[in-house]
2 protein chains.
Amino acid sequence: MATSELDKYSKPSVAVDIVVFTIMGNELKVLLIKRGQPPFAGQWSLPGGFIQIDEQLEGAALRELNEETGVRDVYLEQLYTFGNLNRDPRGRVISVSYFVLVDSTKIKPFVTGKENISEVQWVSIEKLPSLAFDHDKIVKYALRRLRYKLEYTAVGLELLPDNFTLTDLQRLYEIILSQKIDKRNFRKKILSMGILEKTKVFKKGAHRPAMLYKFKKAKPISTFRGFKFEG
Amino acid sequence: MATSELDKYSKPSVAVDIVVFTIMGNELKVLLIKRGQPPFAGQWSLPGGFIQIDEQLEGAALRELNEETGVRDVYLEQLYTFGNLNRDPRGRVISVSYFVLVDSTKIKPFVTGKENISEVQWVSIEKLPSLAFDHDKIVKYALRRLRYKLEYTAVGLELLPDNFTLTDLQRLYEIILSQKIDKRNFRKKILSMGILEKTKVFKKGAHRPAMLYKFKKAKPISTFRGFKFEG
DNA sequence: AGTAGTAGTGTATTAAATACACTAAGAAAG
DNA sequence: CTTTCTTAGTGTATTTAATACACTACTACT
């Protein structure tokens with residue numbers, strides 16, 4: 001590869017950091033890892049790492065996420081690129097951050113052993129510890145984007161199983177937006193979007209069975225009014 | 001600086017590219033430069049260049065813009081980071097793109113001579129030539145973002161002089177969105193936002209004088225529902 | 001004095017968002 | 001088998017926002 005011209009100046013390192021959201025219990029959670037080596041050894045941080053020279057940015061995000069937590073097959077979207085001079089004590093590191101939504105019934109993160117990581121944990125957004133690097137800022141930004149997108153895209157459906165009740169979906173909105181929503185108005189609006197389809201199957205349980213819904217077609221959500229790009 | 005650990009792997013180069021929009025005549029225009037050296041010598045491209053190792057990303061964008069076109073003191077916002085493997089024939093270059101809006105009555109781009117650039121030109125968005133690298137894609141993305149933000153932020157005001165008539169503002173919206181807008185409805189809506197203030201001065205001209213308006217306060221626009229971050 | 005051209009204004013209609021309360025279905029307990 | 005508990009499911013009236021639409025006001029120019 002003819003990189004000689006590019007090598008005249010010293011280059012920054014480029015990393016990816018990934019904010020993985022899920023809904024568990026009645027909480028919005030973020031996937032964190034506990035670092036096993038410096039800098040910030042023993043501290044919680046976002047999954048992520050350096051990109052390889054012959055690797056796409058999105059590919060790097062997916063690879064790091066999988067290597068560190070076993071998570072794969074997810075909805076991914078670029079967030080923002082953070083480049084403050086002092087964000088990494090080792091030197092100049094620019095981080096391209098990504099935003100991932102997963103269904104917690106499908107995805108079970110674990111310590112893979114491929115990386116020097118001592119723990120992998122879902123942590124409630126309400127109880128986040130102080131994170132390594134500038135990861136607090138990245139999470140804050142990701143949360144803002146999630147709330148924002150939820151209001152006029154169907155991105156939230158990425159957080160649910162294939163079949164779900166309208167009550168499940170409403171609870172998801174309430175958890176993420178931290179506010180009560182009127183049941184009738186919510187149903188009216190979400191159904192009027194025309195993106196859901198009845199499955200004719202009911203969720204059985206202790207009380208009145210609820211109709212299960214699913215997406216129409218192959219989840220056309222991701223790029224609707226959104227910011228996904230560069231295929 | 002302790003970069004030894006970071007130097008174990010080969011690093012990509014990191015560049016910034018800037019999409020500068022303005023309104024001139026009755027057209028939306030983008031600022032282009034004609035490259036004076038390979039790759040893509042003689043071809044039009046966006047202003048931009050490599051970041052320095054001790055320089056903020058935004059700072060690099062502003063510096064490159066100024067060095068190449070003389071433009072400074074502008075509204076700047078990060079757009080997206082493009083990292084396809086083959087986007088630069090010289091090797092692996094990741095580009096953090098930025099979005100700039102300027103008032104064409106204040107800003108006069110020129111060939112500074114500091115860089116190997118043969119021309120600097122405003123080019124109508126309708127008549128863009130094929131651009132170097134993946135800059136077509138970047139412009140397309142920037143335009144989408146501009147239209148999108150225009151609909152629910154006051155970002156468009158960055159394109160106007162300090163004092164402007166409501167007709168000026170409406171024309172700006174019509175040009176960017178490529179559609180006619182009803183005068184009475186436009187005025188009702190824009191005034192109901194409460195962001196404009198009458199100056200009590202009139203714009204004189206060949207016909208009935210129009211009231212000049214200005215922003216309230218110190219242009220609080222930029223970060224409203226937007227995506228600006230990392231101060 | 002008249003003409004040309006832009007500035008400025010209000011109301012009626014339609015569509016969307018909100019507020020609000022009861023009945024239905026099944027499981028569990030007695 | 002009757003009652004109780006808990007969640008599912010539904011409609012209408014009100015308020016607010018978006019749209020459609022046409023004339024008068026002001027100044028410069030001839």
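Letters A, B, ... are given to chains in the order of the sequence lines, protein chains preceding strands, and every chain is numbered from 1.
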Just by distance, do the side chain of B:T199 and the backbone of B:L212 share a donor-acceptor pair under 3.5 Å?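 Present.
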Pairs under 3.5 angstrom only: tabulate donor-acceptor contacts from the side chains of residues 97-105 of chain B to other protein residues two or more places apart or in another chain.
unit_1: B:S97; atom_1: OG; unit_2: B:Y80; atom_2: N; d: 3.2
unit_1: B:S97; atom_1: OG; unit_2: B:Y80; atom_2: O; d: 2.6
unit_1: B:Y98; atom_1: OH; unit_2: B:Q78; atom_2: NE2; d: 3.4
unit_1: B:D103; atom_1: OD1; unit_2: B:T105; atom_2: N; d: 2.8
unit_1: B:D103; atom_1: OD1; unit_2: B:T105; atom_2: OG1; d: 2.7
unit_1: B:D103; atom_1: OD2; unit_2: B:T105; atom_2: OG1; d: 2.9
unit_1: B:S104; atom_1: OG; unit_2: B:I23; atom_2: O; d: 2.9

Strictly under 4.0 angstrom, non-hydrogen atoms only: write out the protein contact profile of nucleotides 22-30 of chain C, one letter per nucleotide from the 5' end, B, S or -. --BBBS---
For the pair made of [atom1] in [X] and [atom2] in [N], what is the distance, rounded to whole Å?
| X | N | atom1 | atom2 | value |
| --- | --- | --- | --- | --- |
| A:M193 | C:dA17 | CE | C1' | 13 Å |
| B:R184 | C:dT6 | CZ | C1' | 15 Å |
| B:N26 | C:dT6 | CG | C1' | 14 Å |
| B:I190 | C:dT9 | CD1 | P | 15 Å |
| A:F202 | D:dA8 | CZ | P | 12 Å |
| A:E151 | C:dA16 | CD | C1' | 15 Å |
| B:R187 | C:dT9 | CZ | P | 7 Å |
| A:L191 | D:dG11 | CG | P | 12 Å |

Taking only heavy atoms on the protein side, list every residue of residues 168-182 of chain A lying under 4.0 Å from any atom of DNA chain D, sorted numerically.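 Within residues 168-182 of chain A, no residue comes under 4.0 Å of DNA chain D.
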Tell me, which pairs form a ring pair (Phe, Tyr, Trp, His ring centres under 6.0 Å) where one or both residues lie in residues 156-180 of chain A, sequence neighbours left out?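 Output for this query lists A:Y173-A:F186.
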Residues two or more places apart in sequence or in another chain: which of them pass salt bridge (Lys or Arg N to Asp or Glu O under 4.0 Å) with B:K127? B:E27
Going by the rule salt bridge (Lys or Arg N to Asp or Glu O under 4.0 Å), which residues pair with B:R35 if we only count those two or more places apart in sequence or in a different chain? none
Taking OP1 and OP2 of C:dA7, is either one under 4.0 Å from a side-chain nitrogen or oxygen of B:T167?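 So the side-chain polar atoms of B:T167 do come within 4.0 Å of the phosphate oxygens OP1 or OP2 of C:dA7, strictly under.
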Identify, with sequence neighbours excluded, every residue that meets ring-ring contact (aromatic ring centres under 6.0 Å, His included) alongside B:F133.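 Partners of B:F133 by the ring-ring contact (aromatic ring centres under 6.0 Å, His included) criterion, ordered by chain and then number, come out as B:F40, B:H135.
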Please write out the pairs of protein N or O atoms and N or O atoms of nucleotides 16-19 of chain D separated by less than 3.5 Å, giving the distance to one decimal.
unit_1: D:dT19; atom_1: O4; unit_2: B:K188; atom_2: NZ; d: 2.8

Mind checking side chain to side chain donor-acceptor pair (under 3.5 Å) for A:T112 and listing every partner two or more places apart, or none if nothing turns up? none
Around atom CZ of B:R147, are there more than 12 heavy atoms of other residues, nucleotides or ligands at under 6.0 Å?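 Yes, the 6.0 Å shell around CZ holds more than 12 heavy atoms from other groups.
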Pairs touching residues 202-211 of chain A that satisfy salt bridge (charged side-chain N to carboxylate O under 4.0 Å, His left out), sequence neighbours left out: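 Listed by first then second residue: A:D168-A:K203.
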Partners of A:V120 by side chain to side chain contact (heavy atoms under 4.5 Å, CB included), sequence neighbours excluded? A:L31, A:I33, A:T69, A:P109, A:V111, A:I117
Can you name the residues that form a side chain to side chain contact (heavy atoms under 4.5 Å, CB included) with A:P129, not counting sequence neighbours? A:L32, A:W44, A:V123, A:L131
